[in-house]
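Please read the structure below before turning to the comments.
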Amino acid sequence: MATTITSPAVTLRPCKNSAWGSVIRLPPRPWRRTFCRRQRQVVKAGANSSRGPKAATGGRRLETPPSGVAAATGEEGDTIRRLQNGPDVRGVALEGETGRPVDLTPLAVEVIAESFGEWLRVELQLDGGGGEVRVSVGRDPRLSGPRLSAALFAGLARAGCSVFDMGLATTPACFMSTILPRFSYDASIMMTASHLPYTRNGLKFFTKRGGLTSGQVEGICDRAAWRYVARKMALGGGGVRGTPPVVMRVDVMSAYAQHLRDIIKQRVAHPTHYDTPLKGFKVLVNAGNGCAGFFTWDVLEKLGADTMGSLHLEPDGRFPNHMPNPEDPTAMSLTRGAVLDHGADLGVVFDTDVDRSGVVDATGAAINGDRLIALISAIALDEHPGTAVVTDARTSDGLTRFIEARGGRHCLYRVGYRNVIDKGVQLNADGVETHVMMETSGHGALKENYFLDDGAYVVVKIIIEMVRMRLAGLEGSVGSLIMDLEEPAESVLLRMNILGEPKYAKQRGTQAVETLKNYIQEGRLNGWALDDCGDFSVSQGCLVDTSDHPIDVDAYMYRAKFVDEFKGKLGWVHIRQSVHNPNIALNMQSSIPGGCKSMASDLLDRYLLASGLNDFVDISEVQKFVN
Ligand SMILES: O=P(O)(O)OC[C@H]1O[C@H](O)[C@H](O)[C@@H](O)[C@@H]1O
């Protein structure tokens with residue numbers, strides 16, 4: 001049975017001893033002097049070097065790896081490079097995973113943070129900035145957080161950054177700490193592994209321009225790799241050492257919550273109770289013991305909502321109830337139950353760090369995945385007629401029809417929230433008005449919100465719509481806005497583990513994914529056709545943009561449709577390597593019952609077995625599904 005905690009967790013409340021600007025610890029003066037000298041040298045050396053990674057510096061050069069070290073990074077350095085997951089850093093931070101040793105160590109975090117700080121200094125100089133570089137740091141409640149935070153602070157300080165500790169925070173709040181006038185930091189880092197197991201942890205990086213791109217993070221990890229090897233050699237394999245850095249404890253979360261409240265108040269502009277527009281509404285939150293509890297007591301309750309029935313608000317780094325994840329069936333079903341039990345108008349499910357969300361409407365209907373995209377698209381198309389909506393290519397044909405029926409355009413793109421957002425940014429730059437960028441996973445970014453991947457803002461939009469509907473005297477809950485969304489008859493996700501040593505997994509995964517593409521292109525798979533690639537293809541989908549370079553780990557992915565000689569179009573499959581684990585994800589959708597099984601069976605015989613991929617890919621899930 002779900003635990004209901006109505007009192008807020010202390011950790012996310014404004015901390016009495018953490019007033020803005022209060023100093024936690026001062027380092028001894030000599031250390032500070034040495035540090036400043038060192039930093040000047042680093043930046044100067046960078047300006048003359050010819051080895052700086054272009055992606056990370058935007059063309060400016062950074063400190064050159066000492067000769068010999070770069071070449072020698074090899075295996076050791078690769079342990080750092082492998083921590084890059086698209087635009088994030090993710091790794092195992094605690095023992096407990098079979099076959100996966102701890103690789104996100106304090107030293108790894110320290111060298112990555114130092115390389116980020118160094119990159120940032122160069123970036124800011126390019127922008128005409130200089131002097132103090134101020135970086136905020138937030139984290140989720142993972143057990144490894146405090147220890148790794150100390151390493152993160154140390155790395156940033158080594159790079160000459162002033163560090164501001166937000167404590168328990170959310171990913172969108174970290175970005176907003178670079179925007180909110182009272183804070184306006186140069187950059188922010190969120191330490192989180194989102195919905196991944198409690199043993200993992202990771203980093204997300206922001207500047208005022210938004211999240212770093214995969215290319216930028218790749219450059220930072222490259223530099224961190226040689227630094228890691230050099231540091232290990234110097235320390236004899238030991239961990240982080242040295243004087244603890246200066247860290248300022250700051251309360252950004254209260255200001256951020258107020259920012260969200262202000263948006264709701266202003267947009268609803270309630271005619272009788274402006275400051276409490278949610279009076280008379282029951283809205284409950286399932287925070288999954290992640291970071292989202294603040295939304296209940298610092299946003300909803302202060303706006304007048306009754307939040308009785310909220311679930312798992314207390315941060316707990318072991319996530320004892322279920323992973324905080326709007327895609328998690330347990331999370332959704334518990335929230336649906338709570339909404340119905342309490343007669344709530346809305347239930348909200350956040351992921352750990354609140355960059356993803358899903359909702360449950362008053363009838364208990366789960367609105368996540370395609371349905372959430374449809375709901376946000378309906379709201380956005382009302383506000384911006386004709387806007388384009390970018391999603392990953394795992395969305396249904398029904399969603400495309402839903403968007404088109406409202407006059408919008410649907411661009412299907414690569415999986416990976418950053419890919420989806422980048423595509424939207426690019427479309428806007430190319431003159432295609434694009435207001436919504438969302439992944440089926442619940443990652444949602446809006447043009448009006450800094451193109452930020454922000455689960456809280458998505459919920460804010462839905463809440464505003466809910467209140468507006470009631471003010472307009474409209475019947476029904478927010479779910480009524482997506483009544484005509486057609487659902488596929490079947491939707492299946494199968495995972496195929498990549499066997500063998502982890503260091504070969506990416507290469508093998510790419511080989512497996514590319515083999516399917518080649519087989520189709522070579523005409524070896526009758527009935528299969530790759531969905532069109534292109535810049536902005538509404539009806540057929542764009543799966544790999546031919547104008548991009550698939551450099552990232554998550555870049556090789558294809559969608560192919562299958563037309564059966566007798567039954568006609570059965571559906572499509574989407575194949576790609578997992579961003580986080582050594583496996584290949586095979587998504588399938590069909591409009592015909594049994595269609596997914598037919599497609600899987602065909603791929604099993606004519607692709608997986610015929611190509612011999614089963615030598616290094618575990619095809620048992622596909623076999624089980626087929627049989
Ligand atoms: O590759 P998977 O394990 O399926 O995970 C895929 C997901 O990875 C991360 O969580 C990204 O933030 C998402 O944008 C992406 O959809």
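No experiment lies behind these values; they were computed from the predicted model shown. When a ligand or atom number is given, it counts from 1 through the structure's own listing order. Residue numbers count from 1 along this sequence.
Among protein heavy atoms, atom 1 (O) of ligand 1 sits closest to Val579 N, 2.6 Å. Atom 7 (C) of ligand 1 has as its closest protein heavy atom His580 NE2, 4.0 Å.
Contact annotation: the side chain of Glu490 never approaches that of Met599 to less than 4.5 Å [non-hydrogen atoms, C-beta and beyond].
In this structure, the side chain of Asn614 does not engage the main chain of Val617 through any donor-acceptor pair within 3.5 Å.
Counting the atoms of ligand 1 from 1 in the order shown, those under 4.0 Å from a heavy atom of Gly416 are 14 (O). Heavy-atom proximity to Arg394, at under 4.0 Å, picks out these atoms of ligand 1: 16 (O). Per-residue contacts place His195 under 4.0 angstrom from the following atoms of ligand 1 (heavy atoms of the residue considered): 10 (O). Taking a cut-off of under 4.0 Å to the non-hydrogen atoms of Ser578, the atoms of ligand 1 that pass are 1 (O), 2 (P), 3 (O).
Note on ligand 1: Arg576 sits in its first shell, one or more heavy atoms being nearer than 4.0 Å. Between Arg495 and ligand 1 there is a heavy-atom distance shorter than 4.0 Å. Residue contacts with ligand 1: Ser194 is excluded, as none of its non-hydrogen atoms falls under 4.0 Å. The shell of residues lying under 4.0 angstrom from ligand 1, judged by heavy atoms, excludes Arg414.
Counted by atom type alone, Gln589 and Ser396 present zero donor-acceptor pairs between their side chains at under 3.5 Å. Between the side chains of Arg495 and Asn583, at least one donor N or O sits under 3.5 Å from an acceptor N or O. Between the side chains of Asn587 and Trp572, no donor-acceptor pair of N or O atoms lies under 3.5 Å. Counted by atom type alone, His195 and Asp351 present zero donor-acceptor pairs between their side chains at under 3.5 Å.
Aromatic ring centres of Phe116 and Phe205 lie closer together than 6.0 Å.
Across the listed options Glu439, Arg90, Arg356, Glu327, Glu439 owns the non-hydrogen atom lying nearest to atom 15 (C) of ligand 1.
By the 3.5 Å distance cut-off applied to N or O atoms, His443 is counted among the residues near ligand 1.
Arg508 forms a cation-pi arrangement with Phe616, by the criterion of a distance under 6.0 Å to the ring centre and an angle within 45° of the ring axis.
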